[in-house]
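Lettering follows sequence order; numbering is per chain, from 1. Basis for what follows: all heavy atoms, side chains included, without hydrogens, waters or symmetry-related copies.
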Amino acid sequence: MEIVRSSLQPDGAYMPRAEVFQVADDEKSEPSTYRLWVIPLRRAGRSGECLVVIRDVSQQVRAERAREDFVSQVTHELRTPLTNIRAYAETLSSGMFDDPNVVTECYNVITKETRRLARLIEDILSVSQLEVGSIELHVDTVDLRHLLTEGVRDVRGLADEKNIDIQLALPAKLDPVQADRDKLAVVVNNLLGNAIKYTPNDGNVVVGCQVSSDGVLITVKDNGIGIDPQEHAKVFEKFYRADSEQVQAETGTGIGLYTAREIVRRHGGDIELISAKGEGSTFMVRLPHRESRASAMSTTSVGQAG
Amino acid sequence: MARILIADDDAHTVRVMSIWLKRNGHQIVETRNGAQALEALKETPVDLVLSDMNMPILDGVGLLRGIREEHKLEVPFIMLTSRCDQDELIQQVKPLHGELFPKPFVPSRLVMRIEEILGVESGTTG
């Protein structure tokens with residue numbers, strides 16, 4: 001055990017004070033952070049004695065660091081589309097560029113970047129809602145074919161930029177399910193966005209869906225860079241982004257998959273990942289059947305009566 | 001007119017600056033990160049480098065260092081940044097004779113600053 005940094009002064013014993021110091025078990029592991037209070041005991045005949053309180057604050061310090069990283073990352077992510085919106089708007093309003101191709105390009109970029117900004121804000125909001133646990137599900141009957149078709153349509157532009165082919169492979173018959181439509185749309189959007197982001201140009205993404213007596217299974221399969229099995233649990237952690245060059249080359253805040261899994265879990269389901277490095281990824285969303293609103297209400301009243 | 005190298009991982013930013021600078025008759029070398037920019041500079045001498053700070057593989061500070069220390073070039077260097085810790089960044093960039101330009105930016109102002117450094121009459125004013 002070695003003290004890495006200590007700001008504790010030997011002459012500081014007369015005032016109650018808090019000091020912070022870090023202790024590392026060895027060079028490799030992350031040092032633990034402790035807060036130490038020295039409170040002198042001023043009772044008669046007891047001079048020179050003091051009470052020392054030491055508290056492990058490592059977890060708070062780690063959480064604070066993650067939050068700071070997140071704020072700095074989010075600020076950067078928000079400013080990028082904002083920069084483009086502003087720059088292309090000025091290009092239009094300057095009146096100096098009358099080439100119709102340039103004008104069309106400006107409108108397209110502004111539209112696209114506005115959407116990107118809106119999506120980012122949605123993501124950030126949903127994370128903060130998930131944080132305080134206030135995320136409420138508004139369960140309704142959801143037409144999965146419609147939801148998935150719209151989901152694919154929303155990311156078509158992103159996919160086209162990289163010439164990625166998105167296929168929707170749905171069975172002829174797809175029973176409606178009970179879920180929160182908007183939140184499920186966020187799950188689909190995040191998984192599709194993720195698949196497109198980490199699939200190289202000319203790749204492909206396939207979206208599938210099945211409804212059985214066990215529940216609903218939505219799959220998003222890509223032939224992209226894949227994820228090392230050691231990282232499978234981590235990719236769902238909040239703010240986590242892999243260290244690899246391929247991942248760092250893409251913009252992102254590390255909240256998309258976290259949000260997706262939290263939403264699915266609130267529905268009583270979970271997301272599974274099948275992937276290996278270089279072999280593409282398949283995300284499988286499993287949702288249990290929910291009772292329709294009418295039967296759910298009757299269940300509630302029975303519960304309350306009992 | 002001048003030859004200007006742009007390094008930014010955001011394609012739209014590169015494109016919009018390209019449109020503006022080309023309109024004033026400048027020639028543009030487009031790159032997507034610091035490493036690509038250093039590579040391009042081996043082949044092509046430029047009059048000014050306009051770089052983003054946050055880029056994959058090699059960021060703006062890395063590029064500036066490479067230009068000064070490896071390539072031994074005194075070419076003017078403007079770094080676009082949306083980072084909050086700008087004071088800290090200035091400490092890194094100033095000794096290497098680079099200057100910061102904040103994001104989001106207005107293209108006409110950036111063009112004006114670039115042309116001021118290059119000592120050419122700006123075509124975007126008035």
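- No other option in B:D52, B:V16, B:T13 has as many heavy-atom pairs under 4.5 Å with chain A as B:V16.
- Both the backbone and the side chain of A:T91 come within less than 4.5 Å of a heavy atom of chain B.
- In this view, A:Q60 and A:R55, A:V57 satisfy the side chain to side chain contact (heavy atoms under 4.5 Å, CB included) rule, not counting sequence neighbours.
- In this structure, the side chain of B:Q92 does not engage the main chain of B:V61 through any donor-acceptor pair within 3.5 Å.
- Between chain A and the options B:M55, B:R32, B:K103, heavy-atom pairs under 4.5 Å are most frequent for B:K103.
- Residues satisfying the ring-ring contact (aromatic ring centres under 6.0 Å, His included) criterion with A:F97, sequence neighbours excluded, are B:W20.
- A 4.5 Å side-chain heavy-atom check between A:E150 and A:R153 finds at least one atom pair inside the cut-off.
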